[in-house]
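Each ligand, and each atom within it, is numbered from 1 in the order the structure gives.
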Amino acid sequence: MKYISTRGQAATQPFCHVLLEGLAPDGGLYLPEQYPRLQAGDLDRLRGVWREQGYAALAFEILSLYVDDISAADLRTICSKTYDAAVFGSAQITPLHDLGQGLVLQDLSGGPTLAFKDMAMQLLGHLFEYELGRRDTRLNILGATSGDTGSAAEYAMRGKRGVRVFMLSPHGRMSEFQRAQMYSLQDANIHNIAIEGVFDDCQDLVKAVNADAAFKQKYRIGAVNSINWARLLAQVVYYFAGYFGATRSNDQHVNFAVPCGNFGNICAGHVAREMGLPIARLIAATNENDVLDEFFRSGVYRVRSGADTLATSSPSMDISKASNFERFVFDLLGRDSARVVDLFSGALARDGFFNLHEDPAFASLQARYGFVSGRCTHAERLATIRQLWQEHGRMIDPHTANAVHVAQRHLQPHVPTLVLETAQPVKFAETIKEALGQVPPRPDRFVGLEALPQRVQVMPADVGRLKRFIAAQCTEP
Ligand SMILES: *Cc1c(COP(=O)(O)O)cnc(C)c1O
């Protein structure tokens, strides 16, 4: 399988190249040349693999359709190291919980940092170590985080040969739990840098370092952001696992409801559906930052400014633009890369929006691609958290609550709706307290987390200082 860019101006590349490169050189996002279509019998075989050999074996089967530059034996080993019951807290890896009335929760947050980002990031850690070892080279991952992504990246890369992580976070602006989760890591290859500023300052610093091509090359600066194709691919697997768990035969259909931010999670659902997984609807749920809901309702994609992006009680969905959305638009427009360039580097850059309402593609959104959407407010999140607690004794986090709320408005008789659960409530204890009057219980391994010694470098938002710090760390073996 070869990969092409949504902007059509980059050479086609094999999987491992795309893995390490992230963004294509023409500014586009990588996608496979075509989606492998499952034939009659394939789905039966995959169901059998999942049932008899489990999640890791299913992951191997799906990944092998997209990866032809890692041997089957090595890829199988990587999948079983990654999707291990001890790492994800259960043998099923993404267990299902039936809530009745056709609603099923699929838990994606059993990993080391209690958020669904682990599902993909853990695989990325093993793939990076493997590929860097094979090339006998190193990579210094530079990233900015306001929470979930940074900790998932650090837990995935800790102790991995050939990889260092430099993770910038806004000093004093994350929750005490989130800070402790990241800063308590003592691994020599993990560097936490608390920047005296806000998240945007952190992101600007990452951009400034990457803009210095000579520095970037000399210090082998890389990224693990949400547009990395390997992260998306890892996420395709749990759509299959959820489908097999919720159905008895491959004649049945299901819906998936997904709490959306950068459109990575639900884009993996779109890929699974294109492969032929019987998904009726993909239900995109947003919070008050409803860029995506607006598009699915009106055909207008209007990115927000930082100032227009609200800080909500589901912070990992507080986005101003959805960085993976270009992938879906590429498919929606029949893979016309010239139009993607017009829209994303033309209209969006010039006007801040584009409008597909009059385009025949917009009419096909639901019929051809299965997409519907909805939004959820703070009050509705609280009510949903309360409802699931009172009616089912199940505590959910505010991100998942957005998707449950929207899913309840799209229930269909005879078609189960799986809601992807993206974080554990303990990460957002304040909102849970507001909803339920009690704080969520803490998994054993996090008891006393805030009291552990922390390893963090506080730094002003100064790109020169940051570069000197990176260079100094890189002289050590
Ligand atoms: C990242 C994240 C999301 C949004 O996922 P996308 O792939 O960016 O759409 C939702 N919930 C939680 C808890 C997250 O960490």
Among Phe362, Phe295, Phe296, which one satisfies ring-ring contact (aromatic ring centres under 6.0 Å, His included) with Phe371?
-> Phe296
Pairs involving residues 301-322, ordered by first then second residue, that meet ring pair (Phe, Tyr, Trp, His ring centres under 6.0 Å) (sequence neighbours left out) | Tyr301-Phe325, Tyr301-Phe354
Among all residues two or more places apart in sequence or in another chain, which pass the side chain to side chain contact (heavy atoms under 4.5 Å, CB included) test with Leu436?
-> Ile385, Arg386, Trp389, Met395, Ile432, Gln438
Taking the six-membered ring of Phe353, is the NZ or CZ of Arg304 close enough (under 6.0 Å from the centre) and on axis enough (within 45°)?
-> no
Mind checking what makes salt bridge (Lys or Arg N to Asp or Glu O under 4.0 Å) contact with Arg173, not counting sequence neighbours?
-> none
Close residues (non-hydrogen atom under 4.0 angstrom from ligand 1) work out to Phe116, Lys117, Asp148, Pro259, Cys260, Gly261, Asn262, Phe263, Gly264, Asn265, Ser316, Met317, His399, Thr422, Ala423
Does the ring of Tyr155 carry Arg158 above it, NZ/CZ under 6.0 angstrom from centre and within 45° of its axis?
-> yes
